[in-house]
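Read the structure below first, then the notes.
As the structure is a prediction and not an experimental result, all values here were calculated from the model. Chain naming here is simple, since letters A, B, ... match the order of the sequence lines and numbering starts at 1 in each.
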2 protein chains.
Amino acid sequence: MNLPLHEKIRSEIEADILTGVRTPGSRLPTEHDLMQQYGCSRMTVSKALSALAGGGLIERRKRAGSFVARPKAHSMMLDIPDLEQEIVQRGQRYRFELSERTIVPPGTPQAREAGLAEEGELLMIAGVHLADDVPLACELRLVSLAAVPEMAAQPFDDDSPGAWLLKHVPWTEAETRIASVAASTGVAAQLKLSVGAPCLFVERRTWRGSEGITQVRQHFVGSAYSLVARFGPAKRAPGS
Amino acid sequence: MNLPLHEKIRSEIEADILTGVRTPGSRLPTEHDLMQQYGCSRMTVSKALSALAGGGLIERRKRAGSFVARPKAHSMMLDIPDLEQEIVQRGQRYRFELSERTIVPPGTPQAREAGLAEEGELLMIAGVHLADDVPLACELRLVSLAAVPEMAAQPFDDDSPGAWLLKHVPWTEAETRIASVAASTGVAAQLKLSVGAPCLFVERRTWRGSEGITQVRQHFVGSAYSLVARFGPAKRAPGS
DNA sequence: CAGTGGTCTAGACCACTGA
DNA sequence: CAGTGGTCTAGACCACTGA
């Protein structure tokens, strides 16, 4: 139990909230009260309360004080793991099979729809992710060559384009849409499913600043893949 | 531009990272350097750098300094909106139709699987969420009456159990699994789909502290519903 | 072993806002 | 208008760890 003091204060108040000792809407002691209670300076108390406020557990209002927050339609953390890493962790062998690779000229409706640079060529890549040589997902990806010129020279005979991008191109914003769709003829053929089989459809677009980097559409075999999202209180300090 | 100084420092460094002026792996000035550069105290610099580290944009290492982080398989924020709210925002009318409501005795395999209290009755609720009287999703929910005794007295003739729980029971942890499945006979009947039609399947369990509150399994009409997750840099200060 | 970040102090002035 | 949180200062001691 060698926690910093601000961490100790934070976790004690957190525990009070989680166990119901402090109920939603109730007022916390003021920073001044907590200073005296813990015999520390106001900065230390403030750091603890700011962390709780950042985690959504409390709300701070000037003149009024700090209050236990009422639970909301929380956002949850969705892990978007690297597919290769996930397959290897399952104890399976990963392979990416490239099936198509084309340069798309600038200004096509396709590029505009993807939200990528309108003034530059795009690289279009299609392929299948295999686990022990069984198709798990297929993807169709567009990459802005204006943003990532090095991409044009990559072979992708074994490494997936997604993994390469993750390693080499810093991105700062991303949006993912998740849906359930029936396998089209093309998807069914790639994934060796029957047409109409349920697939988890994931569409992701990433940006660096305001510049679009890539858009990818993935179809996962519905019976073999799921995503997990979690919400929990602020990370516990190690050993707590 | 009336930002606090620590916020100004943070956003300037953030901008340098996003625009590529500072590249992944490169070293930032030390806290001491930044103190002099901005003419402020170390606490102020530290606050800015801590915020960047919390957002995953930089990594701080003792003795070595602070470095621009290399992009990782970031987690994304998944909005789990209240279904009623979402339907109303689409301009449609929301209704929850209760189809079943049973008390499940303690100790059944069902309860154990749901991870709910083994020593207490569970309330089982089934129903359909309708948008303009068209089924959008069906759900099967188990609620621990040990954790939420008031639940037994609720009618749920109009309000959904999920919305009621959200309003009345603070929860602190949740886990959601998302998959794509084919509609079973029962699901197809409730959603007025053909058997085998793709459905977005969402299973969520919530806890208060270590006490299980509820488990819910929802099937969404695949063609009518999708989820969106986002990742972005730390929230911008208002007006920045 | 020296430089770096982690934490903390004991103050200060201020903006905001609800009693 | 007084109490609250937001911010900031100018120091301090310490733990860690890579040059």
Could you say whether B/Leu5 or A/Glu31 is positioned toward the 5' end of DNA chain D, judged by the nucleotide with the nearest heavy atom to each?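 Looking at DNA chain D, the more 5' nearest nucleotide goes with A/Glu31.
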
Distance (rounded to the nearest 0.5 Å) between B/Glu203 CD and B/Gln218 CD: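 Between B/Glu203 CD and B/Gln218 CD, I get 10.5 Å after rounding to 0.5 Å.
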
Would you kindly compare A/Met43 and A/Ala64 by the position of their nearest DNA chain C nucleotide and give the one closer to the 5′ end?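 Result: A/Met43.
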
Distance check needed: C/dT7 P versus B/Lys62 NZ, whole Å only.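 My rounded result for the distance is 7 Å.
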
Rounding to an integer number of Å, can you tell me how far B/His32 NE2 sits from D/dA10 C1'?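 It works out to 13 Å between those atoms.
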
Go ahead and name the base partner of C/dA12; Watson-Crick or wobble counts if both distances stay under 3.5 Å, otherwise write none.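 D/dT7 - that is the nucleotide pairing with C/dA12, both distances being under 3.5 Å.
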
So which nucleotide does C/dT17 pair with, by the Watson-Crick or G-U wobble rule with both distances under 3.5 Å?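 Pairing partner, where one exists within any strand: D/dA2.
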
Taking the side chain as every heavy atom from C-beta outward, state whether A/Ser66 and A/Arg27 have any atom pair closer than 4.5 Å.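 Answer no - side chains too far apart.
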
Mark yes or no for a side-chain to base donor-acceptor pair under 3.5 Å between A/Arg42 and D/dG5, with no hydrogen or angle criteria applied.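 Answer yes: a donor N or O sits under 3.5 Å from an acceptor.
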
Tell me whether the side-chain N or O atoms of A/Arg63 pair up with the base of D/dA2 as donor and acceptor below 3.5 Å, since no angle test is needed here.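 Counting by modelled atom types and ignoring angles, a donor-acceptor contact under 3.5 Å is found here.
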
Below 4.0 angstrom from OP1 or OP2 of [N], is there any side-chain N or O of [X]?
{"X": "A/Ser46", "N": "D/dT7", "value": "no"}
{"X": "B/Ser66", "N": "C/dG5", "value": "yes"}
{"X": "A/Ser41", "N": "C/dG11", "value": "no"}

Nucleotide nearest A/Lys47 (side chain, heavy atoms from C-beta), chosen from D/dT7, C/dT4, C/dT7: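 Taking heavy atoms from C-beta onward, the closest nucleotide is C/dT7.
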
Nearest to the B/His6 side chain among C/dC8, D/dG18, D/dC8, which nucleotide is it?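 Looking only at side-chain atoms, B/His6 lies closest to D/dC8.
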
Residue pair B/Tyr94 / B/Gln89, side-chain donor-acceptor N/O under 3.5 Å: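 Result is no, nothing qualifies.
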
Please evaluate residues B/Glu59 and B/Arg61 with respect to the criterion salt bridge (Lys or Arg N to Asp or Glu O under 4.0 Å), reporting the C-alpha separation (whole Å), side-chain torsions for both, the decisive distance (0.1 Å), and the verdict. CA-CA 7 Å; B/Glu59 283 175 14; B/Arg61 295 202 292 272; 3.8 Å; yes

Under 4.0 Å, heavy atoms only, any strand: does B/Leu49 hit a base, just the sugar-phosphate, or nothing?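 Answer is nothing: B/Leu49 stays at 4.0 Å or more from every strand.
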
